[in-house]
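Here is the structure we will look at.
Residue numbers begin at 1 in each chain, while the letters A, B, ... track the order of the sequences.
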Number of protein chains: 2
Amino acid sequence: MNESLINDLSKNLGRVKANTMADDVELKLRQYLKKMSLKPGDALPKETDLAEALGVSRNVVREALSRLRMLGMIETRKRKGMVLASPDILQAFERVLDPLIIDDTTLRDIFELRLVLEMGLADLLYVRMTEADIDELEQIANNEINKDKSFLVKNEIAFHGKLYEMTGNSTLKRFQIMLLPVFAYVIALVDKPVSGKIDHRGLVSILRNGSKEDFKKGMYAHLKPHFDRLK
Amino acid sequence: MNESLINDLSKNLGRVKANTMADDVELKLRQYLKKMSLKPGDALPKETDLAEALGVSRNVVREALSRLRMLGMIETRKRKGMVLASPDILQAFERVLDPLIIDDTTLRDIFELRLVLEMGLADLLYVRMTEADIDELEQIANNEINKDKSFLVKNEIAFHGKLYEMTGNSTLKRFQIMLLPVFAYVIALVDKPVSGKIDHRGLVSILRNGSKEDFKKGMYAHLKPHFDRLK
DNA sequence: AATGTTCAATATGTCCTACATATAGACAAA
DNA sequence: TTTGTCTATATGTAGGACATATTGAACATT
């Protein structure tokens, strides 16, 4: 019983997964929604009709619908039936993104994804940011003087969060919020939190007076300890 | 009965959502998984036990489990029961990311997200890319000479896809693949596909001979038409 | 005309029972 | 040790039943 050999095999072959009818129905429903090119608000057939049309029990249909409902693709109302909704694309993500469950490789990948995002923010920032934004960011940065460590962590989050917010892209902002726990988790694994040569106040002053290229260099310097750990 | 007014109201207020028991159970199960800090492969109680413990019918439990199963958080096997799995974080995403269903604001957000990613790739690229990578990329770029438009679109995808691949971050790569339809959709909405001053072969030559900063500037020039449309 | 009230129809939400089916785990055979 | 056989069992599916909220209409009130 070579355990690791089995693990290898299983990884290479992939498990055989007998699709349940709920899986099929879920797929068919999604295809149906797409095919009919239904718009949000449009009514859907009722459960019993779907069950009959698909030749499965209402239970199976409900399992599939339950999934779509979770993803926010449909909404159901007591007597009216179901309507197509505008799904919140990040909602599903949120449920799964638990550092304790995600495997280490993916965890590292996500950490890197955050670095990529942070480095790419500049171009949006320099299009959208306002003086008021910078003022607010400066306040956050100034809060950091003479504070204990736990406060610093919170402030770190606030600072970078504000940066995302300043892009005026709310999906991006929410994405960042979701990635936070992963970031925190990876940081915790590392020996000690080092900060780059440029701190938050340095970044603020660049935003106020410097060019976009300056900011990109500054951000890289700020994140350099993380980049140095890449391999 | 101003229809659009009602629609607006509903959007601003949000609907009141009476949680179903399946919602509750789903939440409780997720909390349970977290609290017990179960590792992938660990066994879970069987459906009937869960139902009894939670004081709900097996149906409700199954709906909740069906959701977790879809997210890849658990796997069920016929006689053994359920085991905690290592969820594929992007799986859920994939299902929802249909340009036809996502609302326009989010669509624009995602498009911008892609720009951010693309601009941020450089730092990972210059750590990980190999000569062989660049060779392959060059081949893709050289394929573009004297080809019809539909081929160009495919090649465009291949080129940028290869860039993501070169970061050695498979999550990032998969993420890009998922965003492709959105990208294509947004592009299709725009008058005509313009390309920046630097084309793919230009980027390749920078990768081969230029610095990271050169590449960042090159990528910006390449994507400039898109950045110009931002507001 | 706008707001309240009543009321019946009905689609979803929930529970229950029953049975089919795959398979884990034990044991037997090679 | 490997391979075949068997059985208990947890999931998968079906279908019936009923509770419940809520729509939409009809009607009364201000």
Side-chain angles (χ1 to χ4, degrees), chain A residues 1-3 5-7 9-10 13 15-29 38 41-85, chain B residues 1-3 5-7 9-10 13-29 41-85:
Chain A
M1 307 291 192
N2 192 331
E3 182 72 31
L5 185 93
I6 291 178
N7 228 315
L9 259 178
S10 156
L13 291 171
R15 287 197 68 85
V16 283
K17 44 162 194 279
N19 279 4
T20 68
M21 304 199 107
D23 293 330
D24 289 353
V25 171
E26 183 212 329
L27 183 63
K28 286 202 172 181
L29 285 178
L38 295 171
D42 288 355
L44 271 58
K46 61 187 182 192
E47 292 179 356
T48 49
D49 287 351
L50 286 174
E52 199 174 348
L54 291 163
V56 296
S57 78
R58 195 175 150 225
N59 271 343
V60 171
V61 172
R62 277 190 64 80
E63 279 195 25
L65 289 174
S66 183
R67 298 178 179 186
L68 300 188
R69 203 158 35 228
M70 178 190 63
L71 296 177
M73 296 180 72
I74 61 173
E75 278 171 14
T76 54
R77 304 237 272 288
K78 263 288 161 72
R79 173 192 140 118
K80 194 170 186 189
M82 294 168 294
V83 296
L84 189 62
Chain B
M1 307 290 189
N2 192 331
E3 181 72 32
L5 186 92
I6 291 178
N7 227 314
L9 257 177
S10 156
L13 290 171
R15 288 199 66 85
V16 282
K17 45 162 193 278
N19 279 4
T20 68
M21 306 197 102
D23 293 330
D24 289 353
V25 171
E26 184 212 328
L27 184 63
K28 287 202 172 182
L29 285 178
D42 288 356
L44 272 58
K46 63 188 182 190
E47 294 178 356
T48 48
D49 288 350
L50 286 174
E52 199 175 347
L54 292 163
V56 296
S57 78
R58 195 174 148 226
N59 269 349
V60 171
V61 172
R62 276 191 63 81
E63 279 196 25
L65 289 174
S66 183
R67 298 177 179 187
L68 300 188
R69 204 158 35 229
M70 178 190 62
L71 296 178
M73 296 180 71
I74 62 173
E75 277 171 15
T76 54
R77 305 240 267 286
K78 263 289 162 68
R79 172 188 143 124
K80 193 171 185 187
M82 294 167 293
V83 296
L84 189 62

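With rounding to the nearest 0.5 angstrom, the CD atom of Glu63(A) is 7.0 Å from the OG1 atom of Thr20(A). Atoms OG1 and NZ, on Thr76(B) and Lys46(B) in that order, are 15.0 Å from each other to the nearest 0.5 Å. Taken to the nearest 0.5 Å, the CG atom of Leu65(B) stands 7.5 Å off from the CZ atom of Arg62(B).
Minimum heavy-atom separation, Leu29(A) to Ala64(A): CD1-CB, 4.1 Å. Residues Val56(B) and Val61(B) come closest through the heavy atom pair CG2-CG2, 3.7 Å. Of all heavy-atom pairs between Met82(A) and Pro45(A), the closest is CE-O, 2.8 Å.
Between the two ends of the helix from dA1(C)-dT30(D) to dA30(C)-dT1(D), each summarised by a five-pair axis, the helix axis turns through 30° (rounded to 10 degrees).
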Letter by letter from the 5' end, nucleotides 11-18 of chain D scores (B base, S sugar-phosphate only, - none; protein heavy atoms under 4.0 Å) BBBBB-B-
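Partners of Asp42(B) under the side-chain contact (heavy atoms from CB on, under 4.5 Å) rule, at least two apart in sequence or in another chain, are Leu38(B), Lys39(B).
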